[in-house]
2 protein chains.
Amino acid sequence: MNKISDKKIERIITYRRVLLRLDKQLGKTHVFSHQLASSSGASSAQVRRDLMEIGYTGSPAHGYEIRGLLDSIGEFIDPDQKEGIALVGVGNLGRAIIDYFNGQSSKLEIVTVFDVNPDKIERVISGCRSYHVKDLKPVIIEKKIKTAVITVPSGSAQSVADELIEAGVKGILNYAPITLTVPHGIYVENRDMITTLEKVSYFAKNNTNK
Amino acid sequence: MNKISDKKIERIITYRRVLLRLDKQLGKTHVFSHQLASSSGASSAQVRRDLMEIGYTGSPAHGYEIRGLLDSIGEFIDPDQKEGIALVGVGNLGRAIIDYFNGQSSKLEIVTVFDVNPDKIERVISGCRSYHVKDLKPVIIEKKIKTAVITVPSGSAQSVADELIEAGVKGILNYAPITLTVPHGIYVENRDMITTLEKVSYFAKNNTNK
DNA sequence: TTCACAGCGTTATATTTTTCACAATTTAAA
DNA sequence: TTTAAATTGTGAAAAATATAACGCTGTGAA
């Protein structure tokens, strides 16, 4: 398979979200590239290019058949079976993410959480069994978890990441305000909210266009 | 001023975070481009290019003087005076963001929050006065708020965005899983966690490299 | 003092990503 | 049946972004 870029994958996932709404909520059966584009912040050419990448073909007359396209995207993006995700750091943010995420994705689910606070371990938090961080490695290995979310303070984020990677995790979504150092082959997405909000504020005042 | 790209701004903000740590925690006075690069996930050429953009000059012998560079970045990025930010949607996520953010940024502060739940309005939540969403427009106008965070369910995100924009907001950080439609000149950053986690999971299993 | 070196600033080159543009296709109306 | 209109798929062009390359400068060792 040809390598496919970060941005493209993100757009394709967004198309799916839009398609699901068109299908389930609005009962549509077909959609044109420009409609998909305007509902997902892309251009119509971009949509056509992206769908070309996953090999789905529409018709000039009716556009894309929604159900079929959803299936194609699913085959392309989704794991073969349900996949468990771990979350480390059960603070406000961690808990918010668990509540917000679980139930929203068909194949992915946060199944295991870790913390250092004794009050928060060996319990069930929003349906997830919680463990002490010292047990991180064996638990992650045993559950064959490949994707993890880090919501710990910045001081411990790197060491948590190291342990996750040693335990076999290949993808990390990091909310700590620090740039993680990881080996090749490990995918990290940084979502530091402070940086983001500073950026938005910058462009709010330097809004020449976009 | 020349337009400067989204990515560049984000990197520059990240450099600042690294520089602050080097200064305050490690007591360093100078830093080389390759050090800044490895601590912020960029390349050294990128660092030099970015700093060129803001017009700060280092020396081949000692690299960049940290304090001076911090000042330059601040002049470039920061607003002239303290700036208030609004947050709409006081659920778990909203509250987590308020707690997480406030106190972390020198010039920005979430000062006003909105919700529709009567239990959550006309109170002080984590130091922020809360209002009913129906009062959004007058309050935003009165406080001259230009940047807002949306953490409401996807069904109401667009109408909230419309009102924010009518009230003069120019930058929106959107956590609702929907692509907002906004006029030209309004900057929107989408941070849907579901999309992000799906992407990370995808690259966790298709980890050819990065 | 002279030399070698390391790192800056900047221009040039390469790569990636987006947009443009248009032939081919399908429908619906004339 | 022919024509007109709209949209797809995709090569080609353009724009944006990242990397490489290199002269220049200051430092420290010989």
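Labels below follow one simple rule: chain letters A, B, ... track the order of the sequence lines, proteins then strands, and each chain is numbered from 1.
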Practice prompt. Look at B:E83 together with B:K146 and state whether they make a salt bridge at an N to O cut-off of under 4.0 Å.
Written response: no
Discussion item. Which nucleotide wins on minimum distance to the side chain of A:S5, given the candidates C:dT19, D:dT17, C:dT17?
Written reply: C:dT17
Worksheet item: In whole angstroms, how far is the P atom of C:dC8 from the CG atom of B:D50?
Response: 13 Å
Worksheet item: Quick one: are B:T195 and B:K199 in side-chain contact, heavy atoms under 4.5 Å?
Response: no
Item to complete: Whole angstrom is fine here: how far is it from CG in A:L51 over to C1' in D:dG9?
Response: 11 Å
Practice prompt. Could you state the atom-to-atom distance from CE of A:M52 to P of C:dT19 in whole Å?
Written response: 15 Å
Response to the item:
Between B:R48 and B:K7, whichever has its closest DNA chain C nucleotide further toward 5' is B:R48
Discussion item. Between C1' on D:dA18 and CD1 on B:I4, what's the gap in Å once rounded to a whole number?
Written reply: 15 Å
Worksheet item: Below 3.5 Å, does any donor atom in the side chain of A:R49 face an acceptor in the base of C:dT19, or the other way round?
Response: yes
Worksheet item: Taking atom NZ of B:K107 as the centre, does the number of heavy atoms from other residues, nucleotides or ligands within less than 6.0 Å exceed 12?
Response: yes
Worksheet item: B:Y64 side chain: which of C:dC20, D:dA18, C:dC8 is closest?
Response: C:dC8
Worksheet item: Is a side-chain donor or acceptor of A:N190 paired with a backbone partner of A:D192 at a separation under 3.5 angstrom?
Response: no
Practice prompt. Output yes when at least one side-chain N/O atom of B:S33 is less than 4.0 Å from OP1 or OP2 of C:dC8, else no.
Written response: yes
Item to complete: Report yes if a side-chain nitrogen or oxygen of A:K3 is closer than 4.0 Å to either non-bridging phosphate oxygen (OP1 or OP2) of C:dT16; otherwise report no.
Response: yes
Worksheet item: Is any side-chain N or O of A:R11 closer than 4.0 Å to OP1 or OP2 of C:dT18?
Response: yes
Discussion item. If I take atom CD in residue B:E53 and atom P in nucleotide C:dC8, what distance separates them, rounded to the nearest angstrom?
Written reply: 17 Å
Worksheet item: If only side-chain N and O atoms of A:S43 are considered, is one of them under 4.0 Å from the OP1 or OP2 phosphate oxygen of C:dT19?
Response: yes
Item to complete: Would you mind reading off the distance between B:E65 atom CD and C:dG7 atom C1', rounded to a whole angstrom?
Response: 17 Å
Worksheet item: Within the pair B:T57 and C:dG9, is there a side-chain N or O less than 4.0 Å away from OP1 or OP2?
Response: yes
Worksheet item: Which nucleotide sits closest to the side chain of A:P60: D:dT7, C:dT27, D:dT19?
Response: D:dT7
Practice prompt. Return the nearest nucleotide to the side chain of B:A61; candidates are D:dT27, D:dG9, D:dG11.
Written response: D:dT27
Worksheet item: Which part of the nucleic acid, if any, lies within reach of B:S44 when heavy atoms closer than 4.0 Å are counted: base, sugar-phosphate only, or nothing?
Response: nothing
Fill in: Candidates D:dA18, C:dT18, C:dC8 - which lies nearest the side chain of B:Q46
D:dA18
Worksheet item: Over how many whole Å does the gap from B:D6 atom CG to D:dA16 atom P extend?
Response: 13 Å
Worksheet entry | Identified side-chain contact (heavy atoms from CB on, under 4.5 Å) partner of B:S126 from the options B:V113, B:V90, B:D99, B:I97 | B:D99
Discussion item. A side-chain contact here means heavy atoms from C-beta on lying under 4.5 Å apart; do B:T112 and B:I140 qualify?
Written reply: no
Worksheet item: Which one, C:dG7, D:dT7, D:dT19, comes nearest to the side chain of B:H34?
Response: C:dG7
Worksheet entry | Atom-to-atom span, NE2 of A:H62 to C1' of D:dT8 - whole angstrom | 13 Å
